[in-house]
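Structure, as structure tokens:
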2 protein chains.
Amino acid sequence: MYLANPTQQTAVTTADKVFEQMQHAIVEGDIPSGSKISEPELAKRYQISRSTLREALNRLEKCHLIERKANVGSRVVDCSIEGLLELYITREALEGMACRQAALNMSDEEIVDMQTMLKAHGQTQELKDGIAYYQEEGDLDFHYKVILGSHNKQLIDLICGQLYHLVRMYRCQFGMNSPRASRAFNEHSQIIQAISDRDGELAEMLMRRHIAASRKNIENKIAQQNLTELNDRK
Amino acid sequence: MYLANPTQQTAVTTADKVFEQMQHAIVEGDIPSGSKISEPELAKRYQISRSTLREALNRLEKCHLIERKANVGSRVVDCSIEGLLELYITREALEGMACRQAALNMSDEEIVDMQTMLKAHGQTQELKDGIAYYQEEGDLDFHYKVILGSHNKQLIDLICGQLYHLVRMYRCQFGMNSPRASRAFNEHSQIIQAISDRDGELAEMLMRRHIAASRKNIENKIAQQNLTELNDRK
DNA sequence: TTAAGTATTATTGTCGACAATTATTCGGAA
DNA sequence: TTCCGAATAATTGTCGACAATAATACTTAA
């Protein structure tokens, strides 16, 4: 199942609904990464006029899932390794700062809530160890809670409203579930500890390491994957 | 005069042109911060249909200059002090990281170019000391060069394509030209030094301090301004 | 056969009108 | 007078058609 991000407001207009559908389709690769978007075709497929389709396309462009060129058309962004690494660099900067702000601005209730989640998360992990999926959901939940805890609208909008759609897209398309389950759990624990200690500096540092570790893990996986492909060809 | 940001591609379609005009108007306060946007009225003013106006509005929304609510309409974002501080927090995170990446990724030519700019900048400052305006332009030029030097599309797009429109808006509307002319120059020098030393860690740290100092300077100005207003009322 | 230029087709951009939703005004009852 | 509700007006969302631009196919000349 798809995890809705918490900043997304409920779709009211039909353009909103089509936007959400296309968002799913792009994130999960049903509309392939890098492919050109034909307005007439998609308008017909979703049974709407081109105007409302274009409205939906504008929102997709806003969260960096498609790119438009004037008088030429739209393409789905393509998932390159460079793009993935750039995304993680950006996450490191933004989520690191969000974590620092969370340590300063989170309410006590929010912190308790997060600790509760972590506990539940730990139990789930013990039960379904190896089953990556819930871990992934838990990971996203955790990150969302920290970001929202920053109480900084600018940060929240940039990360949840824009970056995380791309994050989910890369996770889907590169098949990167279940990264470092147990280590991630420990790292989450440390971060929550720093936040409840109101230690912004440490919180930022730990979050940055957490994301950097995730990035390096991905780099390794990709390198390993390339190696396997190389061997298969022989 | 208005300083175009370097990532903005030349306007080709009429929606683009209207977008640019409205962008100016909003940044400079001709369309007041916080005011509601009437689609029929603006379409008439710019002599275009509502469709192309809405296209322009979508781009304004993309760079966070207006906000839309379904079935209700658009408003120009309002410039609050909290918003300004949140913006600077975000800048600190993103530009700090951009600066680190610039230290790693900038070409030698780019570095030379930036050093040349700094030198010219210093002479201008000596000549027109006290005249804030050129200083401001120089400041933006410097920041743009560092950001572009990161060679990270994600960072470049987020900062130049989105944040900096808001930065310019706040600068205009709060009348914050000429902040800390001589100190800023020294800070810029140090940053360039760190970049040419390829010391990413130091470069990030210095850029973060530079922006944080700017933020604190603004906080002081606002506090002082409030104090003056309080005295005037007596 | 290849290359360039032109004609054709298809796609995107723009327009004005209608439908659906929200805001406002007006009237009546407490 | 004040508050609530219905009718009206205004605004936003959606639609289909036309205009302008880009991509494709075809023709012709070297």
Side-chain angles (χ1 to χ4, degrees), chain A residues 7-26 30-78 161, chain B residues 7-26 30-78 161:
Chain A
T7 57
Q8 196 148 8
Q9 53 220 0
T10 52
V12 21
T13 175
T14 65
D16 283 326
K17 292 168 195 160
V18 172
F19 161 66
E20 288 188 356
Q21 289 181 51
M22 291 188 70
Q23 194 181 310
H24 284 77
I26 290 175
D30 296 338
I31 300 176
S33 157
S35 67
K36 182 163 188 319
I37 285 180
S38 161
E39 292 185 5
E41 183 197 321
L42 282 179
K44 203 171 61 183
R45 187 192 306 177
Y46 289 105
Q47 306 273 34
I48 57 177
S49 85
R50 263 186 61 228
S51 308
T52 83
L53 177 77
R54 282 163 69 87
E55 188 71 36
L57 292 183
N58 273 316
R59 290 182 213 171
L60 289 171
E61 193 186 6
K62 241 181 31 182
C63 50
H64 297 180
L65 291 176
I66 70 172
E67 288 166 347
R68 286 174 68 188
K69 261 194 289 188
N71 285 319
V72 173
S74 313
R75 305 196 81 90
V76 180
V77 296
D78 53 30
Chain B
T7 57
Q8 196 146 10
Q9 53 220 2
T10 52
V12 21
T13 176
T14 66
D16 284 326
K17 291 168 194 161
V18 173
F19 161 67
E20 287 188 357
Q21 289 182 51
M22 292 188 69
Q23 194 181 311
H24 285 78
I26 290 174
D30 297 337
I31 300 176
S33 157
S35 67
K36 181 161 190 320
I37 285 180
S38 162
E39 292 185 5
E41 184 197 321
L42 282 180
K44 204 170 60 182
R45 187 192 306 176
Y46 289 105
Q47 305 272 36
I48 56 176
S49 85
R50 264 186 60 228
S51 307
T52 84
L53 178 77
R54 282 163 70 85
E55 188 70 35
L57 292 183
N58 272 316
R59 289 180 213 173
L60 290 171
E61 193 186 6
K62 241 180 34 179
C63 50
H64 298 180
L65 291 176
I66 70 172
E67 287 166 347
R68 287 175 67 190
K69 262 194 289 189
N71 285 318
V72 173
S74 313
R75 305 196 81 89
V76 180
V77 296
D78 53 30

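This structure is a prediction, so every number in the text was calculated from the model and none was measured. Below, chain A is the first sequence line, B the second, and so on; all start at residue 1.
- The phosphate of D/dT14 has neither OP1 nor OP2 within less than 4.0 Å of any side-chain N or O from A/T52.
- Residue A/G161 comes nearest to A/C63 through the heavy atom pair O-CB, 3.4 Å, listed as atom of the first residue, atom of the second, then distance.
- Shown here for B/A56 and B/A15, the closest heavy-atom pair between the two residues is CB-O, 3.8 Å.
- When the C1' atom of C/dT12 is taken as reference, atom CG of B/D16 falls 13 Å away, rounded to whole Å.
- Nucleic acid contact class of A/I37 (heavy atoms, under 4.0 Å, all strands): sugar-phosphate only.
- The side chain of B/T14 contributes an N or O atom lying less than 4.0 Å from OP1 or OP2 of C/dT14.
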Tabulate protein N/O versus nucleotide N/O from nucleotides 17-25 of chain D, keeping only pairs under 3.5 Å, one per line.
none

Hey, can you pull the donor-acceptor pairs under 3.5 Å for the side chains in residues 40-49 of chain B, sequence neighbours left out?
unit_1 : atom_1 : unit_2 : atom_2 : d
B/E41  : OE2    : B/R45  : NH2    : 3.3
B/S49  : OG     : B/S51  : N      : 3.2

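- Checked against A/L60 for a side chain to side chain contact (heavy atoms under 4.5 Å, CB included), the options A/V18, A/I31, A/I66 give a single hit: A/I66.
- None of A/D30, A/L65, A/L57 except one satisfies the side chain to side chain contact (heavy atoms under 4.5 Å, CB included) rule with A/M22; the exception is A/L57.
- In terms of heavy atoms, B/R75 sits closest to B/K36 at NH2-N, 3.8 Å.
- The separation between B/K36 atom NZ and C/dT24 atom C1' is 13 Å, rounded to whole Å.
- With hydrogens and angles disregarded, a donor-acceptor distance shorter than 3.5 Å links the side chain of B/S33 to the backbone of B/V77.
- The CG atom of B/L53 sits 13 Å away from the P atom of C/dG16 (whole-angstrom rounding).
- In this structure, B/E55 atom CD and D/dT12 atom C1' are separated by 16 Å, rounded to whole Å.
- For the OP1/OP2 pair of D/dT11 and a distance below 4.0 Å, the side-chain nitrogens and oxygens of B/K69 include no atom meeting the criterion.
- For the segment residues 39-48 of chain B, the set of residues with a heavy atom within less than 4.0 Å of an atom of DNA chain D comprises B/E39, B/P40, in numerical order.
- Scanning all heavy atoms of the two residues, the minimum distance from A/V12 to B/A70 falls at CG1-CB, 3.6 Å.
- Rounded to whole angstrom, the span from the CG atom of A/L57 across to the C1' atom of C/dT11 amounts to 13 Å.
- For C/dG13, the OP1/OP2 oxygens have a side-chain nitrogen or oxygen of A/R54 closer than 4.0 Å.
- Close to D/dT14, at under 4.0 Å from its OP1 or OP2, lies a side-chain N or O of A/T13.
- Applying the salt bridge (Lys or Arg N to Asp or Glu O under 4.0 Å) test to every pair with at least one member in residues 47-60 of chain A, sequence neighbours left out, gives these pairs: A/D16-A/R59, A/E39-A/R50, A/E39-A/R54, A/R54-B/E55, A/E55-A/R59, A/E55-B/R54, A/E55-B/R68.
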